[in-house]
Novice: 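Starting off with a structure, shown below.
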Amino acid sequence: MDFDVIVEYMPMYVKAFFLTVKIGWIGIALSLLIGIVAAFILHFKIPVLAQVVKVYVEIFRNTPLLVQLFFIYFGLPKVGLSISAEVCGAVGLGLLGGSYMAESFRSGLEAVPVLQMESALALGMNRLQMFRSVILPQAFSISVPAIVANIIFLLKETSVFSAISLMDLMFTAKDLIGQYYNTTECLVMLVGFYIIMLLPVSVLGTLVEHKARYRMFGD
């Protein structure tokens with residue numbers, strides 16, 4: 001292990017780290033938005049839209065992110081729509097994540113007991129109040145573990161961005177290994193930066209899950 005090499009490469013890894021985090025979290029924010037909308041459509045079984053969402057979920061959950069990125073980055077220009085690698089990465093991650101988030105939110109909504117809704121209506125709440133004050137808090141609490149797992153999964157999936165020449169952590173590691181053959185140092189730094197990116201999410205997700213469970217069950 002040559003620590004001089006690590007010091008020399010550190011600025012490049014830091015730059016790649018922030019780029020990876022930025023695109024990753026933009027994609028995650030997009031996935032949450034898509035997931036919430038899709039879950040509502042599926043939960044309320046809106047005609048036509050529900051069928052469209054089901055097809056979308058099945059397609060994106062059953063194809064690799066790499067294939068989806070290739071289709072967006074190399075396929076869309078064939079029909080006159082060219083986008084940058086950064087936008088492609090964020091959109092691809094958002095679409096993939098949206099399919100997983102939709103199922104997480106939907107399962108949370110459907111797990112709320114019917115008795116809770118009937119009780120809310122019996123207390124004089126209208127449907128909007130019931131949805132905001134009774135259904136959503138419980139559905140979110142139930143969905144937290146799946147949402148956190150999806151976020152960690154999506155952050156790890158950023159490792160395929162290098163396939164579209166996006167200078168993320170993986171691209172930087174492979175590029176430096178290919179040029180200078182300092183494989184051990186490059187891989188150790190790669191693992192270290194992914195741990196820095198993922199460990200806080202895992203810890204924070206556990207805390208949020210415990211807090212949500214305490215608010216719901218009191219233990």
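The first residue of the sequence shown is numbered 1, and numbering continues consecutively from there.
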Novice: What pairs of donor and acceptor atoms, side-chain ones from residues 193-208 against any protein atom, are under 3.5 angstrom apart with sequence neighbours left out?
Specialist:
residue: T206; atom: OG1; partner: S202; partner atom: O; Å: 2.9

Novice: Could you note down all residue pairs passing salt bridge (charged side-chain N to carboxylate O under 4.0 Å, His left out) where residues 40-50 supplies at least one of them, sequence neighbours left out?
Specialist: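 Sorted pair list comes back empty.
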Novice: Taking all atoms of both residues into account, what is the closest heavy-atom pair of M101 and L154, and its distance?
Specialist: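 For M101 versus L154, the nearest heavy atoms are CE-CD1, 4.4 Å.
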Novice: With sequence neighbours left out, what residues match Y180 under ring-ring contact (aromatic ring centres under 6.0 Å, His included)?
Specialist: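 By the ring-ring contact (aromatic ring centres under 6.0 Å, His included) rule, Y180 matches no residue at all.
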Novice: Count I, L, V, M, F, W, Y as connected when their side-chain heavy atoms are under 4.5 Å apart, and connections chain through other members. Are V7 and L190 then in the same cluster?
Specialist: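 No.
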Novice: With a 4.5 Å heavy-atom cut-off, do L109 and I135 have their side chains touching?
Specialist: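 In contact.
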Novice: By the salt bridge (charged side-chain N to carboxylate O under 4.0 Å, His left out) test, which pairs, at least two apart or in different chains, include something from residues 14-27?
Specialist: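 For residues 14-27: K22-E86.
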Novice: Do V67 and I164 sit in one hydrophobic cluster, given that two such residues count as connected whenever their side-chain heavy atoms are within less than 4.5 Å of each other, even indirectly?
Specialist: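 Shared cluster, no.
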Novice: Ignoring hydrogens, what is the shortest heavy-atom contact between Y100 and R61? Give both atom names and the distance.
Specialist: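 Minimum heavy-atom contact is OH-O, 3.6 Å.
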Novice: Would L32 and F105 count as a side-chain contact (heavy atoms from CB on, under 4.5 Å) here? Give the steps.
Specialist: CA-CA 9 Å; L32 289 169; F105 285 121; 4.1 Å; yes
Novice: Mind listing the closest non-hydrogen atom pair of A102 and A38 along with its distance?
Specialist: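 A102 and A38 have their closest heavy atoms at CB-CB, 3.6 Å.
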Novice: Would you say the side-chain atoms of D168 pair up with the backbone N or O of F171, donor to acceptor, closer than 3.5 Å?
Specialist: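 Looks like yes, one N/O pair under 3.5 Å.
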Novice: Could you give me the CA-CA distance, side-chain angles and deciding distance for V21 and W25, then say whether side-chain contact (heavy atoms from CB on, under 4.5 Å) is met?
Specialist: CA-CA 6 Å; V21 169; W25 280 102; 3.6 Å; yes
Novice: Under the criterion salt bridge (Lys or Arg N to Asp or Glu O under 4.0 Å), I'd like the reasoning laid out for R106 against E110: C-alpha separation, chi angles, the key distance, then a yes or no.
Specialist: CA-CA 6 Å; R106 183 189 61 80; E110 294 184 355; 2.9 Å; yes
Novice: Only counting residues at least two apart or in another chain, list the ones meeting salt bridge (Lys or Arg N to Asp or Glu O under 4.0 Å) with E8.
Specialist: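 With neighbours one apart ignored, the set is empty.
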Novice: Linking I/L/V/M/F/W/Y whenever their side-chain heavy atoms sit closer than 4.5 Å, directly or via other members, would V52 and L96 fall into one cluster?
Specialist: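 No, no single cluster joins them.
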Novice: More than 12 heavy atoms of other residues, nucleotides or ligands under 6.0 Å from CE of M12: yes or no?
Specialist: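 Yes.
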Novice: Would V55 and Q51 count as a side-chain contact (heavy atoms from CB on, under 4.5 Å) here? Give the steps.
Specialist: CA-CA 6 Å; V55 172; Q51 284 69 38; 5.7 Å; no
Novice: With rounding to the nearest 0.5 angstrom, report the NE2 to CD1 distance, H43 to I36.
Specialist: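 One gets 14.0 Å once the value is rounded to the nearest 0.5 Å.
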Novice: Sequence neighbours excluded, which residues qualify as ring-ring contact (aromatic ring centres under 6.0 Å, His included) partners of F44?
Specialist: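 ring-ring contact (aromatic ring centres under 6.0 Å, His included) list for F44, sorted by chain: F131.
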Novice: Quick check: closest heavy atoms across A16 and L169, and the distance to 0.1 Å?
Specialist: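 Heavy atoms of A16 and L169 come nearest at CB-N, 3.8 Å.
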Novice: Going by heavy atoms in the side chains, are F161 and M170 under 4.5 Å from each other?
Specialist: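 No, side chains not in contact.
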Novice: For residues Y73 and C88, report the shortest heavy-atom separation together with the two atoms involved.
Specialist: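 The pair with the smallest heavy-atom distance is CB-SG, 3.6 Å.
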Novice: Does the ring-ring contact (aromatic ring centres under 6.0 Å, His included) test come out yes or no for F74 and F70, once each step is laid out?
Specialist: CA-CA 5 Å; F74 298 110; F70 280 169; 5.5 Å; yes
Novice: Honestly curious: do L42 and V48 fall in one hydrophobic cluster under the side-chain, below-4.5 Å linking rule?
Specialist: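 No, no single cluster joins them.
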Novice: F17 versus Y13: any side-chain heavy-atom pair under 4.5 Å?
Specialist: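 A side-chain contact under 4.5 Å is absent here.
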Novice: Counting only heavy atoms not in F71 (residues, nucleotides, ligands), do more than 12 fall under 6.0 Å from its CZ?
Specialist: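 Atom CZ in F71 is not packed in, count stays at 12 or less.
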Novice: If I compare all heavy atoms of I34 with all of G94, which pair ends up nearest, and what's the gap?
Specialist: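 Result for this residue pair: CD1-O, 3.8 Å.
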Novice: If only atom types and distance count, is the side chain of Y56 paired as donor or acceptor with the main-chain N or O of L95 below 3.5 Å?
Specialist: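 Confirmed, Y56 side chain pairs with L95 backbone.
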Novice: Apply side-chain contact (heavy atoms from CB on, under 4.5 Å) to I46 and F40, showing your working.
Specialist: CA-CA 9 Å; I46 300 175; F40 286 164; over 6 Å; no
Novice: Mark yes or no for whether Q138, through its side chain, and V134, through its backbone, hold a donor-acceptor pair below 3.5 Å.
Specialist: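 Indeed, once roles are kept as given, a pair shorter than 3.5 Å links the two residues.
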Novice: Nearest 0.5 Å please: distance from the OG atom of S31 over to the CD1 atom of I151.
Specialist: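 So the OG of S31 and the CD1 of I151 are separated by 7.0 Å.
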Novice: Out of curiosity, does V14 fall in the hydrophobic cluster containing L187 (side-chain heavy atoms, cut-off under 4.5 Å, transitive links)?
Specialist: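 Cluster IDs for L187 and V14 match.
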Novice: Is there side-chain contact between Y181 and I177, with heavy atoms separated by less than 4.5 Å?
Specialist: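 No - every pair of side-chain heavy atoms lies 4.5 Å or more apart.
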